Protein chains: 2
Amino acid sequence: MDDAPRSDALVDATAAAIRARIMSGDIPIGAQLRQAELAKTLGVSRTPVREALRQLQTGGLIEVVPHRGAVVRVPAPWDVRETYEVRAELEGLVCERAVPRITRDGLDDLRKANEALRPGAIRPDGSSTVANDSFHTLIHGIAGNERLARVIKEINEAFPRNVSALVLQDNPRHREDNFAEHERIITALAADDAETARREMQAHVISAGEQLARWYERRSATVFRG
Amino acid sequence: MDDAPRSDALVDATAAAIRARIMSGDIPIGAQLRQAELAKTLGVSRTPVREALRQLQTGGLIEVVPHRGAVVRVPAPWDVRETYEVRAELEGLVCERAVPRITRDGLDDLRKANEALRPGAIRPDGSSTVANDSFHTLIHGIAGNERLARVIKEINEAFPRNVSALVLQDNPRHREDNFAEHERIITALAADDAETARREMQAHVISAGEQLARWYERRSATVFRG
DNA sequence: CACTGTCTTGTTGGATCCAATATTAGCGCA
DNA sequence: TGCGCTAATATTGGATCCAACAAGACAGTG
């Protein structure tokens, strides 16, 4: 399901573990990643850690300087905006492709996924991220272009995502917007209106990107103070 | 200019060297990449080779199976088509962004770049690939979204490119089409017509992808015979 | 008191060693 | 003769060792 059963188990698992700890905020943005420490924590030798870091570096999540080691990349707001412009374009394509391919069941699944994001709904902590992801993942599946899904996934992995979840959780207003935008997308898909579906999705992603960029702006303003 | 002065010199150089040899066809599609052999050829130890292979694997150019080593990925035609659909969308966005940003000088540069691709022109072997690349690179620069350029670059590195050059060189007809498509894009850019520029670029990339996919189809038909 | 040069220390990078595993050749048996 | 099992071999994966390098501490000097 991932992709293909390629590569070693260990280094991929190691990479996934490190990525998860960065995404979840366990390892904060800007933190140094010491190979020996990671190796000890994860119970493996330095070798797989090194290769895992190399993978993450290629993905753009961390930065490596020659003899000083790896740090979690601190994204600049303009970088976030640029990235989300790209993602918006691709997700727009996803919607366009989804229109002629979606079934009644597919629509139901989407409605159900979004229902979990309804502002009033009670939900355990962190589940909104999962639900949000599943909404997009569902459409990616319907669109039926694996490469497209993969590129979007890679783009998403370029930034720590927990902040995205924080944005949604912190601000009830954003939650409402998010839910409504999903609704509009579903409506357009149901109406077989490819053009609208694309536009709504683009706006949705741009909006999410803007929130994320603002979050990083506030963050850097706070952090670089002291 | 690359990106940032990140990472080690050696492993990046190694990765670049291996990638270059794959792209140029020196190492053919489907070939096995033995670490020891690469290490000896490149005059380094196995360690940087391993990390370089890891990078290439993340990029999708090679495939690694646990205890059997790495092979140059053999792209399926449908994969090529999917990928080029994504790339077409992104290059379309590039053109759309380029329209409000392009200057008279920028247009001149593009015309000059395409002039090198004029069907009648005499040119040294392999220069058409370079000229073709520079045409796209120029527009990427004008569009002014680094992430966008980077994603497209990564997508391009997913397949051996030499075949793309072969497609163009083998078939005079395709060369003419290629040149004419570039011309139409330039015209639309000069006319400040974002919509047309996008559409023309999309069509251009899709067409190139179709040629490449066909090439792979013919190739697999030939190879899997014996 | 400030500045500079050196030394110490910690961390990464590269090489090599050993273990794990997949492939293949060879052998025996039906 | 063909099939299956076993053993040899080749290749990758993981661990460890040593060298290279960068950052910081400290002392000495202007």
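Keep in mind that this is a model prediction, so the values were computed, not measured. Just so it is clear: chains get the letters A, B, ... in the order the sequence lines come, proteins before strands, and each one is counted from 1.
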Inset, instruction - Starting from the 5' end of DNA chain D, give me the residue, B/G69 or A/R68, whose nearest nucleotide shows up first. - result: B/G69

Legend entry - Ionic contact status for B/R46 with B/E51, cut-off 4.0 Å: no

Legend entry - Below 4.0 Å: OP1/OP2 of C/dG14 and any side-chain N or O of B/S45: no

Legend entry - Residue whose closest nucleotide on DNA chain D lies nearer the 5' end, A/V44 versus B/L33: B/L33

Inset, instruction - Consider the side chain of A/T47, meaning its heavy atoms from C-beta on, and name the nucleotide among D/dT16, D/dG13, C/dG14 that approaches it most closely. - result: D/dT16

Legend entry - Note: A/D105-A/K112 ion pair, threshold 4.0 Å (strictly below): no

Inset, instruction - Tell me yes or no: between the side chains of A/H140 and A/E146, is some donor less than 3.5 Å from an acceptor? - result: no

Inset, instruction - Quick one: label B/L53 by what it contacts on the DNA or RNA (base, sugar-phosphate, nothing), any heavy atom closer than 4.0 Å. - result: nothing

Legend entry - Ionic contact status for B/E85 with B/R81, cut-off 4.0 Å: no

Legend entry - Check: C/dG13 base within 3.5 Å donor-acceptor of A/R46 side chain: yes

Legend entry - Short N-O contact, B/E89 and B/R198, less than 4.0 angstrom: yes

Inset, instruction - Could you pick out which residue, B/P48 or A/A70, lies toward the 5' side of DNA chain C when each is mapped onto its nearest nucleotide? - result: A/A70

Legend entry - Short side-chain N/O contact from B/R34 to OP1 or OP2 of D/dT12, under 4.0 Å: no

Legend entry - Between D/dC21 (P) and B/L10 (CG): distance, integer Å: 12 Å

Inset, instruction - Starting at atom CD of A/Q32, determine the distance to atom C1' of D/dG24, rounded to an integer number of angstrom. - result: 13 Å

Inset, instruction - Give the nucleotide from the list C/dG14, D/dG14, C/dG13 with an atom nearest to the side chain of A/H67. - result: C/dG13

Inset, instruction - State whether the distance check finds a donor on one side and an acceptor on the other, under 3.5 Å, for side chain A/R50 versus base C/dG14. - result: yes

Legend entry - Side-chain N or O of B/Q35 closer than 4.0 Å to phosphate OP1/OP2 of D/dG13: yes

Inset, instruction - For A/E37 and C/dT12, give me the distance from atom CD to atom C1', rounded to whole Å. - result: 14 Å

